[in-house]
Chemist: 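Here it is, the structure, as structure tokens.
Computed from a prediction, not measured in an experiment: that's the story for all the values here. Chain identifiers are assigned alphabetically (A, B, ...) following the order of the sequence lines, protein sequences preceding nucleic acid strands; residue numbering begins at 1 within each chain. Values below: all heavy atoms of this structure, side chains included; hydrogens, waters and symmetry mates excluded.
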Amino acid sequence: MKIHEYQAKELFKKYKVPIPEGSVAFNQDDAKTSAEKLGGFPVVVKAQIHAGGRGKGGGVKLAGSLEEVEKTASEIIGMTLVTHQTGPEGRLVKKVLVEQGLNIVKELYLSIIPDRQTASNVIMASEAGGMDIEEVAEKTPEKIIKVHIDPLLGIQAYHLRAVAYGLNLPAPIIKQFSGMLKNLYNLFIDYDCSLLEINPLVITGDDTVVALDAKMDIDSNSLYRHKDILEYRDFDEEDPLEVEASKYNLNYINLGGSGNVGNMVNGAGLAMATMDIIMLAGAKPANFLDVGGGADAEMVENGFKILLSDKNVKGILINIFGGILRCDVLAQGVVQAAEKTGINIPVVVRMEGTNVEEGRKILADSGLNLTTATDIKDAAQKIAEFANA
Amino acid sequence: MSIFVNKETRLVVQGITGKEGKFHTQQCITYGTNVVAGVTPGKAGQKMDDVPIYNTVKNAVDETKANCSMVFVPPPFAADAIMEAADAGINIIIAITEGIPVLDMMKVKNHLAKTGSRLIGPNCPGIITPGECKIGIMPAPIHKPGGPIGVVSRSGTLTYEVVHQLTLKGIGQTTCIGIGGDPVNGTNFIDCLEAFEKDPETKGIAMVGEIGGSAEEEAADYIKKNVTKPVVGFIAGLTAPPGRRMGHAGAIISGKSGTGQAKVAAMKKNGIHVCENLGEFGELCSEVFKI
């Protein structure tokens, strides 16, 4: 789960990781009040969306007076910000973070991520701050320091020294930096982060380190133990149909772009393979809805309604390999959805596995206008014919 | 022959009294799996059907000589359950549970490295040696006993699809393993490939991967150097958009790593027969394995 920069900074503050003074604003008047509290200029106005690259997209601006703060805030709030991470459709900005401007001497990069390969947490740091770290990693990998931490051992003083000396920090800063990094690591562990990134971490003219930016992604599987993070959820940043699906414990993924085939599948691997085979057959998947293993007829019904409500969809492919999910349960759900909402687009059904005969019978007896497919290849070809008709 | 599990395997089920644990234990018993014990803290002395229940895995091992565990414990307690099994001396731990936090799994992985235990999963369908024993949630009838093909996969239902196609072509399986779709898991492709290579009855290997991470690339490299048996591979998610988590926590293309194209290229370069169209997996296997 992603959270906003201003929310991450609230947690930074709690963990004594230095951040610039500032507060979030939802309109230009708020922004002016926020700036007044800072008591000096310049201030920085930063768009708050769940995507990086905001500066390049015009979502981060300096303001030298209260009038400029108002003007800048009114320009940014309400704009559709397009960055390399938002896709071409961009994201509507609804709030800004208003912060004090700092006298920056040096910009650094710092992040902590769980490394799947070594099953350890890795601190990555670089003197090439402010830049796209993937580009740095590709072109000048020697400029990135990596320190692996055994999760059973936890962070030790030598880890901190490896990063601090690796960054060639000036002597007066090392102690402060090490303390900050230790706190940051604790934050990372306490909140089950899947990414904690500061880019840039700055050294200011008065020799202090400050987190100018803050990015925190939290492992969705850990949210049961982070109720406070649940309150940070911002529905404006999510696809409305994905939100709707999550209410029923269904996993719906909008694939974006110009797809025209809706998919109901069970299991992530089969979902991806189904998506691929639809492309091979010459059509384009718009989404997939994973009904998972433990679905009942109601969940299937709700899922089917969600697929029908996606206006780009010209046809629906149901590809289910029954294991825990029984085919008769799935069929019952499809019939219920059809009876309640009506189906006005072609539906191709391919079912296999547990209770497949019962499932096929339910669909055949329903009188619904469904096309059945014999196997996954046949299903992809049939749905492609409908979608491209 | 088979790998990891067979008819000698003595299974303890952790979380045997939960709805799913109970249902799938019954299914495993019906298939012929030797389920010797169950564990649910606080329910020692009770039975699930004829299976005795213990408070701890240690008690179950002491009383029944269980050597393999199937974990159905819910995510908040699953990491603890896996480590408990390892410390009780269980050789093979199969974790079905979906949704264990990554940081928990990293601790598990580091702890298990100090024991002799092998973990399969988590977030996996389990393992089956057709005709001998089934430990997991896969539908039994799609499998064909007797070999000669070993199946290893990161997915659940996609494994069923692949196995089903093999069976329809008359190609039996020695052992089918789902290693799970999480970013941090126990047994990986290479462990399974190594075991299949050593197993005299396995004559060929079907390997099903997906986008995210670099496990398939490493496996492809390993195959070139160490595997003499023919391998047919498939990668799911070739058309997935970058940056989206595709349902499996491990299936995400981040930056330039983990793309399906890179995996397919690595597999082809190392002599693996890559299936481009899932609908033709069975046919390709017939051709390559000459069955």
Chemist: In terms of heavy-atom pairs under 4.5 Å with chain A, which of B:T159, B:N185, B:D104 leads?
Modeler: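 The answer is B:D104.
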Chemist: Would a 4.5 Å heavy-atom cut-off, applied to side chains only, mark A:I376 and B:Q165 as touching?
Modeler: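 The answer is yes; the side chains approach within 4.5 Å.
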Chemist: Enumerate by number any residue of residues 119-127 of chain B whose heavy atoms lie under 4.5 Å from heavy atoms of chain A; in the absence of such residues, state 'none'.
Modeler: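 Under the 4.5 Å heavy-atom cut-off, nothing qualifies.
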Chemist: Between atom CG of A:N121 and atom CE of B:M106, what is the distance when rounded to the nearest 0.5 Å?
Modeler: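 Spacing of CG (A:N121) from CE (B:M106) equals 3.5 Å.
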Chemist: Heavy atoms only, distances under 4.5 angstrom: which of A:I320, A:N251, A:L280 has the most pairs with chain B? Name it, please.
Modeler: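 The answer is A:L280.
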Chemist: Of all heavy-atom pairs between B:K114 and A:L152, which one has the smallest distance, and what is that distance?
Modeler: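 What the structure gives for the nearest pair is NZ-CD1, 3.6 Å.
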Chemist: Please give me the minimum heavy-atom distance between B:N277 and A:K377, naming the atom from each residue.
Modeler: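 The pair with the smallest heavy-atom distance is ND2-CE, 4.2 Å.
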Chemist: At a 4.5 Å cut-off on heavy atoms, which part of A:Q85 comes close to chain B: side chain, backbone, both, or neither?
Modeler: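 Neither part.
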Chemist: Determine the option with the most heavy-atom pairs under 4.5 angstrom with chain B, choosing from A:I278, A:D115, A:N266.
Modeler: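 Option with the greatest count: A:N266.
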Chemist: Given heavy-atom pairs under 4.5 angstrom as the criterion, report whether the side chain, backbone, both or neither of B:E161 touches chain A.
Modeler: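 Both backbone and side chain.
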Chemist: Would you mind checking which part of A:T274 comes under 4.5 Å of any heavy atom in chain B, side chain (CB onward), backbone (N, CA, C, O), both or neither?
Modeler: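 For A:T274, no heavy atom lies under 4.5 Å from chain B.
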Chemist: Would a 4.5 Å heavy-atom cut-off, applied to side chains only, mark B:P76 and A:R225 as touching?
Modeler: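 The answer is no; the side chains never approach within 4.5 Å.
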Chemist: Pick one of side chain, backbone, both or neither for B:F234, based on which atoms fall under 4.5 Å of a heavy atom in chain A.
Modeler: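 Contact with chain A is through the side chain of B:F234 alone.
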Chemist: Using non-hydrogen atoms and a 4.5 Å limit, figure out which bit of A:L325 sits close to chain B: side chain, backbone, both or neither.
Modeler: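 It is neither, since no heavy atom gets under 4.5 Å.
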Chemist: At a heavy-atom separation under 4.5 Å, does B:I235 approach chain A through its side chain, its backbone, both, or neither?
Modeler: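 For B:I235, backbone heavy atoms alone lie under 4.5 Å from chain A.
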Chemist: If you round to the nearest 0.5 Å, how far is CD1 of A:I277 from OG1 of B:T239?
Modeler: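 Reported value, rounded in 0.5 Å steps: 11.0 Å.
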Chemist: Decide if atom NZ of B:K22 counts as having more than 12 heavy atoms of other residues, nucleotides or ligands within a radius under 6.0 Å.
Modeler: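 Result for NZ/B:K22: open.
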Chemist: Could you check whether atom NZ of A:K284 has more than 12 heavy atoms from other residues, nucleotides or ligands sitting under 6.0 Å from it?
Modeler: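 Check passes, neighbour count above 12.
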Chemist: Closest heavy-atom contact between B:T157 and A:G267?
Modeler: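 Smallest interatomic distance, heavy atoms only, reads OG1-CA, 3.5 Å.
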Chemist: My understanding is that only one of A:D192, A:I218, A:L223 makes a side chain to side chain contact (heavy atoms under 4.5 Å, CB included) with B:P101; could you say which?
Modeler: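 Among A:D192, A:I218, A:L223, the one meeting side chain to side chain contact (heavy atoms under 4.5 Å, CB included) with B:P101 is A:D192.
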Chemist: Please determine, among B:G237, B:P241, B:G279, the option with the most heavy-atom pairs under 4.5 Å with chain A.
Modeler: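 If we count pairs closer than 4.5 Å to chain A, B:G237 comes out on top.
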Chemist: side-chain hydrogen bond (donor to acceptor under 3.5 Å, both in side chains) with B:R118: which residues, sequence neighbours excluded?
Modeler: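 Expected list: B:T187.
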Chemist: Pick one of side chain, backbone, both or neither for B:I142, based on which atoms fall under 4.5 Å of a heavy atom in chain A.
Modeler: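 For B:I142, side-chain heavy atoms alone lie under 4.5 Å from chain A.
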Chemist: Would you give the length of the straight line joining atom CG of B:N110 to atom OG1 of A:T118, rounded to the nearest 0.5 angstrom?
Modeler: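 It is 8.0 Å, given to the nearest 0.5 Å.
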Chemist: CG of B:L103 to CG of A:D219: how many Å apart, nearest 0.5 Å?
Modeler: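 Result: 7.0 Å between the selected atoms.
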Chemist: Between atom NZ of B:K109 and atom CZ of A:R116, what is the distance when rounded to the nearest 0.5 Å?
Modeler: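 It comes to 10.5 Å.
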Chemist: Does any part of the side chain of B:V102, heavy atoms only, come nearer than 4.5 Å to the side chain of A:S194, both counted from C-beta?
Modeler: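 No, their side chains stay 4.5 Å or more apart.
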Chemist: What's the separation between atom CD in B:E280 and atom CG in A:D375, rounded to the nearest 0.5 Å?
Modeler: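 Answer for the CD-CG pair, B:E280 versus A:D375, is 10.0 Å.
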Chemist: Return the minimal non-hydrogen interatomic distance between B:P139 and A:T354, and the atom names on each side.
Modeler: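 Result for this residue pair: CB-OG1, 3.9 Å.
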Chemist: Are the side chains of B:I100 and A:N221 in touch, meaning some heavy atoms are under 4.5 Å apart?
Modeler: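 Sidechains of A:N221 and B:I100: no contact.
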Chemist: Shortest non-hydrogen contact from B:V184 to A:A119?
Modeler: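 In terms of heavy atoms, the two residues are closest at CG1-CB, 4.4 Å.
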Chemist: If I measure from the heavy atoms of chain A, does B:H24 come under 4.5 Å with its side chain, its backbone, both, or neither?
Modeler: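 Side chain of B:H24 only, per the 4.5 Å heavy-atom cut-off to chain A.
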Chemist: Please indicate whether B:E98 has more than 12 foreign heavy atoms, meaning atoms of other residues, nucleotides or ligands, lying under 6.0 Å from its CD.
Modeler: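 12 or below, so no.
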Chemist: Inspect the surroundings of CZ in B:F77 and state if more than 12 heavy atoms from other residues, nucleotides or ligands are less than 6.0 Å away.
Modeler: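 Atom CZ in B:F77 is not packed in, count stays at 12 or less.
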Chemist: Are any of the side-chain heavy atoms of A:D276 and B:L278 separated by less than 4.5 Å?
Modeler: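 No, every pair of side-chain atoms sits at 4.5 Å or beyond.
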Chemist: Is it the backbone or the side chain of A:R326 that comes under 4.5 Å from a heavy atom of chain B, or both, or neither?
Modeler: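 Neither part, no heavy atoms under 4.5 Å.
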Chemist: For the residue pair B:A236 and A:A273, what are the closest heavy atoms and their distance?
Modeler: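 Looks like CB-N, 4.0 Å.
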Chemist: Given that the side chain runs from C-beta out, which part of A:M275 has a heavy atom under 4.5 Å from chain B: side chain, backbone, both or neither?
Modeler: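 For A:M275, backbone and side chain are both near chain B.
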Chemist: Please look at B:E218 and chain A and tell me whether the side chain, the backbone, both or neither of the residue comes under 4.5 angstrom of a heavy atom of that chain.
Modeler: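 Answer is side chain: those atoms of B:E218 sit under 4.5 Å from chain A.
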Chemist: Report yes if the side chains of A:L270 and B:Y160 come closer than 4.5 Å at any heavy-atom pair, otherwise no.
Modeler: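 No; the side chains remain at least 4.5 Å from each other.
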Chemist: Please state whether the side chain, the backbone, both or neither of B:P183 comes within less than 4.5 Å of a heavy atom of chain A.
Modeler: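 Interface part for B:P183: both.
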